[in-house]
Protein chains: 2
Amino acid sequence: MHECLDHMVEGIGRVREIFPELPLQEVVLTRLLLMVGGNLLGELERNLKPHGLNDSDFRTLMMLYSRPTGSATPSELCGYAQQGATNMTRIANVLVKAGLITRAPSAEDRRRIVLSITAAGRRLVRKILPPLFPSVHGAFASISAADKRTLERLLRQIAVNIDSLTQPDTRP
Amino acid sequence: MHECLDHMVEGIGRVREIFPELPLQEVVLTRLLLMVGGNLLGELERNLKPHGLNDSDFRTLMMLYSRPTGSATPSELCGYAQQGATNMTRIANVLVKAGLITRAPSAEDRRRIVLSITAAGRRLVRKILPPLFPSVHGAFASISAADKRTLERLLRQIAVNIDSLTQPDTRP
DNA sequence: AAAGGATAGTTCGCCAGTGAAGTAATTAGG
DNA sequence: CCTAATTACTTCACTGGCGAACTATCCTTT
C-alpha cells in the first residue's frame, strides 16, 4: 500500500504541473483517506468473513445489540447506519435466515416491522467481538492519545464540511 | 451525518459497558474514518456522474493522463490503483467504449495489452478536473495547513499499521 | 368519513467489485 | 530444447449496494 501511495502522490504532482491551481495537499489527503478507509474495511471484513458476516451485517447486528431493548425497526437502523431501505431489507433477510435476529410485525403501527436480536445473535456478538479488538487496536498502534484526539477532531471537521457541501444550506 | 455519528458513539459506549476491554477511541476512529471515507467518495462520484464516470474509471483515466507516455498496461494500473485484474478489464472496456483510451497489443510481450489515453480522453480530463477542485478544497475547509500535514502523517501511519497487520512480517 | 399525501417495507433491475477458473505467452530448469 | 512454472489478461458466477416502482398502512384535511 505504501508503494502504491508514493506512486499516486507522484502522479498527482505531475498532473499539478499541468493544472497549477490543483489543490495538491487536499487531493493527496482525499486519496489517502479513501485508500486507508478501503483497506481498513478490508481488514475488518477479513475478520468477520469466517463467521459469514460482512461489515453491514455486523454493524446492523451490533446496533440491535447495543439497544437497551435489543430491537428496532428497519427504518431506524437505516438512519443510524446510513443505508438505504433496500439494503436494510436484504441485510435483515440474511440475519433472520442465520437465526441472529427475528422479524415481527409491529402492534401499534402495522406498516412497521420490528427486528429483535435473538439469544443466538447475542452469543455470536460475544464470540466475535473481543477477537476484533487486537486488529482495531493495531490499526492505530504507535499513535499517541493526543494524536488520536486530533485525528478524531479533524475527521469530524471533514464530516461537517462534507455535510455542508451536500446540503448547500439548511435554512427556512 | 452528524446525528448518525453521535448515535453511533452512544451505541459504542453502551457496548463498552458490557465489554470493558473494548478500545473505545479506536473503534470510534475506525467508524468515523469509514463513514467520512464513504461520504467523501459519494461526493466525488456525484461530481463525476454527469460525465458518465465513476471514481474507478476516473482514477484509471487520470493515471494514464499523468504518465509521461500517456499509456500503461492493465497490470501496472492494477498495482497503482489497488484493483483486481478482473475489474481493470471491465474498466478498460468502459473507457475504450467511451473512446477515452485505446487498447493495443504490446509488441515486445504478446501477453500484454497497452492502454493509451486518446485526445478525447485528455480533453475530458481538462474539462472535468478543474470543476472538481472546489469540492476537494471544500472538504478540507477550515482546517489549518499544519492540521492538514498532521492529518496526512497520521493517515500514513495508519496505512503502515494496516500493512503490517495484513502481512504479519516480511522477512527472509 | 373520504381523498390526498406521507411513511414503511419490499421487489426488481442495474452497476461495481471479487474469487476461481480458463487461455495464451513467456521464462526457468533439467 | 522441451517441460514446468509464472505472468497477463479474460470470462463467469456471485456478493453488495442503489434508485425506481409497488403495496400497504397511517395521517391530515376538509
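Residue numbering restarts at 1 for every chain, and letters A, B, ... go by the order of the sequence lines. Because the structure is predicted, anything quoted here is derived from the model rather than measured. Just the heavy atoms: all of them, side chains too, but no hydrogens, waters or symmetry mates, feed the values below.
The minimum heavy-atom distance linking A:Ser66 with B:Gly11 is given by the pair CB-O, 3.7 Å.
In summary, B:Glu10 and B:Arg14 engage in a salt bridge, as defined by a charged side-chain N under 4.0 Å from a carboxylate O.
Of the two residues contacting DNA chain D, namely A:Glu108 and B:Ala92, the nearest-nucleotide position lying further toward the 5' end is that of B:Ala92. Along DNA chain C, the nucleotide nearest A:Ser75 and the nucleotide nearest A:Lys49 are compared for position; the residue whose nucleotide lies closer to the 5' end is A:Ser75. Along DNA chain C, the nucleotide nearest A:Thr89 and the nucleotide nearest B:Gln83 are compared for position; the residue whose nucleotide lies closer to the 5' end is A:Thr89. With DNA chain D read from its 5' end, the first of the two nearest nucleotides for A:Asp109 and A:Ser56 is the one closest to A:Ser56.
Relative to the side chain of B:Arg112, the nucleotides D:dC9, D:dG16, C:dA25 differ in distance, and D:dC9 lies closest.
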Query raised in the report: Could you walk me through whether A:Phe140 and A:Leu151 pass the side chain to side chain contact (heavy atoms under 4.5 Å, CB included) check?
Result: CA-CA 11 Å; A:Phe140 298 93; A:Leu151 182 55; 4.1 Å; yes
Requested in this report: Any chance you could lay out the side chain to side chain contact (heavy atoms under 4.5 Å, CB included) test for B:Leu33 and B:Leu155, step after step, and finish with the verdict?
Outcome: CA-CA 10 Å; B:Leu33 195 63; B:Leu155 287 175; 4.0 Å; yes
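When heavy atoms are screened at a 4.0 angstrom cut-off, B:Thr73 is found touching the sugar-phosphate backbone but no base atom.
Atoms CG (B:Asn93) and P (C:dG17) sit 14 Å apart, rounded to a whole Å. One interatomic measurement links the two molecules: CE of B:Met88 to P of C:dA16, which rounds to 13 Å at whole-angstrom precision. The interatomic distance linking B:Leu34 (CG) with D:dG17 (P) rounds to 12 Å, in whole Å. Whole-Å rounding puts the A:Asn54 CG to D:dT15 P distance at 11 Å. Here the C1' atom of nucleotide D:dG16 and the CG atom of A:Leu95 are 14 Å apart, to the nearest Å. Between the CG atom of B:Leu41 and the C1' atom of D:dC18 there is a distance of 13 Å, given to the nearest Å. Straight-line distance from the CD atom of A:Glu76 to the P atom of C:dT7: 15 Å, rounded to whole Å. Spacing between atom CG of B:Asp55 and atom P of D:dG17 amounts to 18 Å, rounded to whole angstrom units.
Contact annotation: B:Thr86 side-chain N/O to D:dT11 OP1/OP2 distance is not under 4.0 Å. Phosphate proximity of D:dG16 to A:Asn87: absent, as no side-chain N or O sits under 4.0 Å from OP1 or OP2. The phosphate of C:dA24 has neither OP1 nor OP2 within less than 4.0 Å of any side-chain N or O from B:Arg110. B:Arg46 has no side-chain polar atom (N or O) that falls below the 4.0 Å cut-off from OP1 or OP2 of D:dC18.
Classified by interplanar angle (parallel below 30°, tilted 30° to 60°, perpendicular above 60°), the ring pair B:Tyr65/A:Phe19 is tilted.
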